[in-house]
Structure formats: structure tokens, C-alpha cells
K.L.:
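Here it is: the structure, laid out below.
Just so you know, these numbers use all the heavy atoms, side chains as well, and skip hydrogens, waters and symmetry mates.
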Amino acid sequence: MFELDQVEFSWPAGRRVLRDISLRIAPGEKIVILGANGSGKSTLLKLLNGLLLPTRGSCRYAGQALSRATLREPAFARRFRSAVVLLFQHPEAMLFNPRVRDEIGYGPHRLGLADAAQRVAHWAAELQLEALLDLPPYALSGGEKQKVALAALLALDPECLLLDEPMANLDPRAGGWLVDHLLDSPATVVVSTHNLSMAAELGRRCLILSTDGRLHYDGPVDAALRDLDLLDAANLVHRHRHRHGAIMHAHVHVHDWE
């Protein structure tokens, strides 16, 4: 589905975020991206979604390079934008319609899908948003906005879900529903997080980005979570001192910082 070859990304001011990223993502894979804040997780997802383009190297989708030219080509852009969707880390950036029902139905209506209304009703029910359908998105809580943004993406029935910290605003029930849905879905799923306690629930393959934006690890998530030295090198665990009586010890500790 995706092929990245020696991808780098730098902002115009010169700050390099990602360095020499090469990987392949096959259809149907469930992948979790781990990394400390600032390691480039969100940037990598935006590259996969074509919102950003590499400053060096190439990113290909279904054999086609993602570039300004290809993403402006109507047939490819329509296919790509309906197949590959991105949940932003902050859902407010995605919500712009006057009502929740318009938000969920925006993509299906733009694509001219005959069952757009049925899709809105289905995903509103799945995410328990039925009572909110005629409210403006700005009036919702953070967790409700997250669910509306998710419903708007799922209503497109995408081939690939790119999710940036999707559990951050969800309550336990909604979070559990999302994990179950992602595992059961035939779609390719790429999820970023620095919540280690959720990593094994969100994917089988793990990509760990180092603090300088390199691909530090690509392999099974269970093996990564057992390797404290690997996690320590990626700044995903920390060391601090504590006392046992009169004796002071320093240990590696795993904590979630969300």
C-alpha cells in the first residue's frame, strides 16, 4: 500500500523532523507508531496522508508517488482522499460544519454517495452521537468532538485509517469500542501514540521513532515493549531515584504521559 524510501522532512525554517525513513506498509496491517513528543509521529502520518510532502526521498501509495502533481490530478485525488483518511491529534482542526450530522455526512455527500444519510445514521449510532446530531460541533466536549471526527472518517469506509493519538480524549467505553473496531476492521490502520499501555492493543507491528526523527525500530510490538533499553533510548521510559528505607535506587520506569 505504502512505500517510503529514504524520506526526510524539514520545515522551511530548516528544522529537520524526519531523517532517512524507509519502510513498507501492506494492506490490512495494524501498525502502532511510538515515539517521544517531537519525534515526528504526526509528521509521518501527514506524509502518508499527502498533507505534507518529503523534502527528500519518496512516498508512494499503490505504486504512485505522492506529489503536488499527482494530488492535483482529479481521478487520483478522489480515489486517494476517500481511501486514506487522517484523524488529527486535535479534532477541532477537522470540524467546520454547522451541525454534527453535516460533519459526519460531509465526505459522503461530497463524493455523491447515494447512501450518505444511512452512513450518517449508522456511525452516529455506533459512536453514540444520535442525541448530538443537530448541535454545532463547537458546543461539544473534547471527547464528543473526537467521536464526531472519527465518525466523519469512518463514514467514508476508508481502506486506510491514520490515527494521531486517537485515545487521548476518549472515555474508557469509547476507547474500548475503538480498539475493538480497529482490530476487527479489514482496513489498514496506522496509529501514533506515546501511551505504552495501549500500544499492544492498537497494533501488532511497531515503528519507534528516535528523538532525532530516525526509524529506531521496526518489528513486533510485544518484543519492543519488553525491551527497556530500546524504550529508554527512544525516551519512552525514564529513570528516577527512589528510596527503599535508607537505600537509594535508580530504576527505569514505564509511565504514560498523556
K.L.:
For the residue pair Arg205 and Ile25, what are the closest heavy atoms and their distance?
P.N.:
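Minimum heavy-atom separation between Arg205 and Ile25: NH1-CA, 4.1 Å.
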K.L.:
Is it the case that the side chain of Ser210 and the backbone of His216 share a donor-acceptor pair, with hydrogens and angles ignored and the cut-off at 3.5 Å?
P.N.:
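Such a contact is absent between Ser210 side chain and His216 backbone.
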K.L.:
May I ask you to decide if Ser141's main-chain N or O and Glu144's side chain share a donor-acceptor pair within less than 3.5 Å?
P.N.:
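A pair under 3.5 Å: yes.
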K.L.:
Please examine the side chains of Tyr217 and Leu231, heavy atoms only from C-beta on, and report whether any two atoms are closer than 4.5 Å.
P.N.:
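No, every pair of side-chain atoms sits at 4.5 Å or beyond.
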K.L.:
Look at the side chain of Ser22 and the backbone N and O of Asp5, then say whether any donor-acceptor pair between them is shorter than 3.5 Å.
P.N.:
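Checking the backbone N and O of Asp5 against the side chain of Ser22, no donor-acceptor pair under 3.5 Å is found.
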K.L.:
Check for a donor-acceptor pair, side chain of Lys30 on one end and backbone N or O of Val191 on the other, with a separation under 3.5 Å.
P.N.:
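No; zero donor-acceptor contacts below 3.5 Å.
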K.L.:
Relative to each other, are the rings of Tyr61 and Phe80 parallel, tilted or perpendicular (30° and 60° limits)?
P.N.:
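If you compare the ring of Tyr61 with that of Phe80, the planes turn out perpendicular.
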K.L.:
Is there a path of hydrophobic side-chain contacts, each under 4.5 Å between heavy atoms, that joins Phe96 and Leu133?
P.N.:
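No: no chain of side-chain contacts under 4.5 Å links Phe96 to Leu133.
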K.L.:
Heavy atoms, side chains only, cut-off 4.5 Å: are Trp11 and Val17 in contact?
P.N.:
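In short, these two side chains touch, coming nearer than 4.5 Å.
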K.L.:
I'd like to know whether Leu132 forms a side-chain contact (heavy atoms from CB on, under 4.5 Å) with Val148, so could you lay out the CA-CA distance, the side-chain angles of the two residues, the decisive distance to 0.1 Å, and finally the verdict.
P.N.:
CA-CA 9 Å; Leu132 309 178; Val148 171; 5.6 Å; no
K.L.:
Is the backbone N or O of Phe76 less than 3.5 Å from a side-chain atom of Glu73, with the two atoms forming a donor-acceptor pair by type?
P.N.:
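Pair found, side chain donor or acceptor close to backbone of Phe76.
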K.L.:
Given the rule in the side-chain contact (heavy atoms from CB on, under 4.5 Å) test, do Tyr106 and Met94 qualify, once you have shown the distances and angles that lead to the verdict?
P.N.:
CA-CA 11 Å; Tyr106 179 79; Met94 302 176 60; over 6 Å; no
K.L.:
Are Lys41 and Leu45 side-chain neighbours, meaning at least one heavy-atom pair lies under 4.5 Å?
P.N.:
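Not touching, per the 4.5 Å side-chain cut-off.
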K.L.:
So, the side chain of Arg60 versus the backbone of Glu3: is there a donor-acceptor pair under 3.5 Å, distance only?
P.N.:
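Answer holds: no.
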K.L.:
Mind listing the closest non-hydrogen atom pair of Gly143 and Leu170 along with its distance?
P.N.:
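Closest approach of Gly143 to Leu170, heavy atoms only: O-CD2, 4.0 Å.
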K.L.:
I'd like to know if the side chain of Asn49 and the backbone of Leu51 have a donor-acceptor N/O pair within less than 3.5 Å.
P.N.:
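It does not hold such a pair.
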K.L.:
To the nearest 0.5 angstrom, please state how far the CG atom of Leu153 sits from the CG atom of Leu86.
P.N.:
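It is 7.5 Å, given to the nearest 0.5 Å.
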K.L.:
Out of curiosity, His90 NE2 to Gln146 CD, how far, rounded to the nearest 0.5 Å?
P.N.:
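Reported to 0.5 Å precision, the distance equals 10.0 Å.
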K.L.:
Counting only heavy atoms not in His122, do more than 12 sit closer than 6.0 Å to its NE2 atom?
P.N.:
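Enclosed: over 12 neighbouring heavy atoms sit under 6.0 Å from NE2 of His122.
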K.L.:
Tell me if a side-chain donor or acceptor on Arg119 pairs with a main-chain N or O of Ile104 at a distance below 3.5 Å.
P.N.:
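Such a contact is absent between Arg119 side chain and Ile104 backbone.
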K.L.:
Within this structure, what is the CD-CG distance for the pair Glu201 and Asp180, rounded to the nearest 0.5 Å?
P.N.:
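Glu201 atom CD to Asp180 atom CG measures 9.0 Å (nearest 0.5 Å).
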K.L.:
Any donor and acceptor pair, going by atom type alone, linking the side chain of Asn97 with main-chain N or O of Arg99 inside 3.5 Å?
P.N.:
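Between the backbone of Arg99 and the side chain of Asn97 there is no qualifying donor-acceptor contact (under 3.5 Å).
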K.L.:
How far apart are the closest heavy atoms of Arg79 and Ala62, and which atoms are they?
P.N.:
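In this case the closest contact between Arg79 and Ala62 is NH1-CB, 4.4 Å.
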K.L.:
Using side-chain heavy atoms (C-beta onward) and a distance below 4.5 Å, is Leu87 in contact with Asp164?
P.N.:
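Side-chain contact under 4.5 Å: no.
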K.L.:
Could you tell me which non-hydrogen atom of Gly35 sits nearest to which non-hydrogen atom of Leu236, and how far apart they are?
P.N.:
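Looking at all heavy atoms of both residues, the shortest contact is C-CD2, 3.6 Å.
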K.L.:
Let me know which of Thr188, Leu154, Leu156, Leu150 forms a side chain to side chain contact (heavy atoms under 4.5 Å, CB included) with Leu161.
P.N.:
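With Leu161 as partner, Thr188, Leu154, Leu156, Leu150 yield a single side chain to side chain contact (heavy atoms under 4.5 Å, CB included), made by Leu154.
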K.L.:
Out of curiosity, Ile208 CD1 to Ile33 CD1, how far, rounded to the nearest 0.5 Å?
P.N.:
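Reported value, rounded in 0.5 Å steps: 11.5 Å.
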K.L.:
Please report the shortest heavy-atom distance between Leu140 and Lys145, naming the atom on each side.
P.N.:
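That closest heavy-atom pairing would be O-CE, 3.3 Å.
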K.L.:
Classify the ring geometry of His181 against Trp177: parallel below 30°, tilted from 30° to 60°, perpendicular beyond 60°.
P.N.:
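Ring orientation, 0 to 90° scale: parallel.
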K.L.:
So does Asp212 get a backbone contact from the side chain of Arg19, meaning a donor-acceptor N/O pair under 3.5 Å?
P.N.:
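Looks like yes, one N/O pair under 3.5 Å.
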K.L.:
Under the criterion side-chain hydrogen bond (donor to acceptor under 3.5 Å, both in side chains), I'd like the reasoning laid out for Thr193 against Asn195: C-alpha separation, chi angles, the key distance, then a yes or no.
P.N.:
CA-CA 5 Å; Thr193 188; Asn195 187 330; 5.2 Å; no
K.L.:
Let me see the working for Leu182 and Leu163 under side-chain contact (heavy atoms from CB on, under 4.5 Å), right down to the final yes or no.
P.N.:
CA-CA 11 Å; Leu182 295 178; Leu163 306 177; 3.8 Å; yes
K.L.:
Could you walk me through whether Glu29 and Met1 pass side-chain contact (heavy atoms from CB on, under 4.5 Å), step by step?
P.N.:
CA-CA 10 Å; Glu29 278 199 276; Met1 177 173 274; over 6 Å; no
K.L.:
Please find the pair of heavy atoms, one from Pro91 and one from Gln89, that lie closest to each other, and give the distance.
P.N.:
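Shortest heavy-atom separation between Pro91 and Gln89 comes out as CD-O, 3.6 Å.
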